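Just so you know, ligand 1 is whichever comes first in the structure, and atom 1 is the first atom listed for that ligand. Not measured: the values here are computed from a predicted model. When reading the values below, keep in mind they use all heavy atoms of this one structure, side chains included, and skip hydrogens, waters and symmetry mates.
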Amino acid sequence: MDETIIRANLARIWERIASAATRAGRDPANVKLVAVTKNRPPEAVRAAYACGVRDVGENRVYEALEKQAALADLRDLRWHMIGHVQRRKARDVVGRFVLVHSVDSVRLARELDKRAARANVSRVDVLLEVNVSGEPTKYGFRVVTPEDEGPFLEAVAEILSLPRLQVHGLMTMAPLVADPEETRPYFVALRRLRDRLTEEFPEEDWSQLSMGMSNDFEVAVEEGATIVRIGTAVFGEQ
Ligand SMILES: *Cc1c(COP(=O)(O)O)cnc(C)c1O
């Protein structure tokens with residue numbers, strides 16, 4: 001993987017993040033870029049690291065663990081789990097990722113908490129993944145209609161009671177659309193849901209909104225994303 005291309009791509013992405021943040025009256029420093037390295041070889045991750053990337057996102061547990069082993073010398077590289085985690089893989093996630101963006105059920109949350117206790121890991125930092133579009137192919141707590149809110153708040157209350165799980169906010173994936181502008185309502189919905197949770201559970205941390213990918217990150221930043229997860233725009237089409 002050509003480091004020169006990655007460096008140029010990253011510079012362009014940062015310009016676009018900065019413009020989007022500025023348009024929305026936000027400080028671009030409050031947006032974190034997670035470079036999505038799924039399906040990319042360890043050398044590509046190493047090249048991104050050489051360009052200053054310190055946060056990388058993987059969507060499959062075992063692929064991530066293999067790359068972590070191959071790149072163990074990059075000690076300050078932070079690994080994010082952004083994909084669906086099956087419950088039987090929860091123990092492989094605990095202690096190995098700086099943030100799990102994809103907690104999408106109470107059962108997974110309970111399992112992570114239990115595995116953390118067994119492994120003597122005091123804290124698992126997570127986001128709750130929300131399906132705000134209602135697309136049946138998407139993971140996440142489904143919150144589309146007002147009637148979905150009650151059950152979701154109950155689920156959140158239970159997750160917040162798990163001693164080793166530390167929730168920091170929400171994550172979503174917008175539908176794939178041709179015009180990124182069409183994603184805006186989904187990002188607005190996630191932000192409003194976050195505001196609702198802040199009212200409901202004011203003592204908790206709801207600061208993080210993980211939303212926006214290669215096609216739609218500017219809209220997401222305009223709508224309050226604090227973390228964008230970008231693969232293709234960094235590493236190229238695959
Ligand atoms: C693949 C992936 C991304 C990045 O997608 P790009 O379009 O390549 O930027 C972001 N989030 C999740 C959960 C992903 O699986």
Side-chain angles (χ1 to χ4, degrees), residues 1-2 5-17 20 31-42 44-45 47-48 51 53-67 78-86 89 93 96-105 108 125-142 168-184 186-187 189-190 208-238:
M1 187 74 214
D2 191 339
I5 296 175
I6 294 176
R7 193 178 298 280
N9 287 347
L10 285 166
R12 181 81 191 106
I13 291 166
W14 273 117
E15 269 174 32
R16 291 169 61 190
I17 289 174
V31 182
K32 177 185 288 248
L33 168 68
V34 172
V36 176
T37 51
K38 68 180 185 208
N39 304 326
R40 312 281 176 180
V45 184
C51 299
V53 166
R54 289 297 177 271
D55 290 275
V56 294
E58 288 281 337
N59 72 333
R60 285 199 291 266
V61 176
Y62 294 144
E63 182 185 335
L65 298 191
E66 275 175 28
K67 273 180 235 178
R78 294 182 288 269
W79 296 85
H80 296 245
M81 175 45 62
I82 62 173
H84 175 64
V85 178
Q86 292 167 285
K89 294 184 187 164
V93 165
R96 296 205 168 98
F97 294 89
V98 66
L99 186 64
V100 181
H101 295 224
S102 42
V103 169
D104 53 13
S105 71
L108 174 62
D125 294 301
V126 306
L127 305 177
L128 306 182
E129 182 173 356
V130 183
N131 176 357
V132 288
S133 66
E135 288 178 296
T137 53
K138 286 217 154 58
Y139 289 105
F141 295 93
R142 194 190 131 106
H168 297 282
L170 304 177
M171 179 272 229
T172 199
M173 288 175 84
L176 268 182
V177 290
D179 176 6
E181 192 53 41
E182 291 174 38
T183 61
R184 191 178 300 277
Y186 305 103
F187 298 141
L190 195 73
Q208 302 302 311
L209 286 176
S210 171
M211 56 189 199
M213 316 192 340
S214 292
N215 283 324
D216 54 23
F217 68 87
E218 287 157 299
V219 179
V221 167
E222 286 173 8
E223 295 303 337
T226 61
I227 305 175
V228 291
R229 311 175 309 268
I230 303 182
T232 312
V234 175
F235 295 104
E237 296 283 347
Q238 37 187 0

Specify whether His80 and His101 have parallel, tilted or perpendicular ring planes, treating 30° as the upper limit for parallel and 60° as the lower limit for perpendicular. perpendicular
Sequence neighbours excluded, the answer for side chain to side chain donor-acceptor pair (under 3.5 Å) partners of Glu129 is none
Between the CD1 atom in Ile227 and the CG atom in Asp55, the distance rounded to the nearest 0.5 Å is 8.0 Å
Inspect the contact between Glu58 and Lys67 and indicate whether a charged nitrogen and a carboxylate oxygen are less than 4.0 angstrom apart. yes
Once you restrict both partners to nitrogen or oxygen, which atoms of ligand 1 have a protein partner under 3.5 Å, and how far apart are they?
from     : atom 1 : to     : atom 2 : distance (Å)
ligand 1 : 8 (O)  : Thr232 : N      : 2.9
ligand 1 : 8 (O)  : Thr232 : OG1    : 2.6
ligand 1 : 9 (O)  : Ser214 : N      : 3.0
ligand 1 : 9 (O)  : Ser214 : OG     : 2.5
ligand 1 : 9 (O)  : Gly231 : N      : 2.8
ligand 1 : 11 (N) : Arg229 : NE     : 2.9
ligand 1 : 15 (O) : Lys38  : NZ     : 2.8

According to side chain to side chain donor-acceptor pair (under 3.5 Å), who are the partners of Arg16, at least two apart in sequence or on a separate chain? Glu218
Sequence neighbours excluded, which residues qualify as ring pair (Phe, Tyr, Trp, His ring centres under 6.0 Å) partners of His168? none
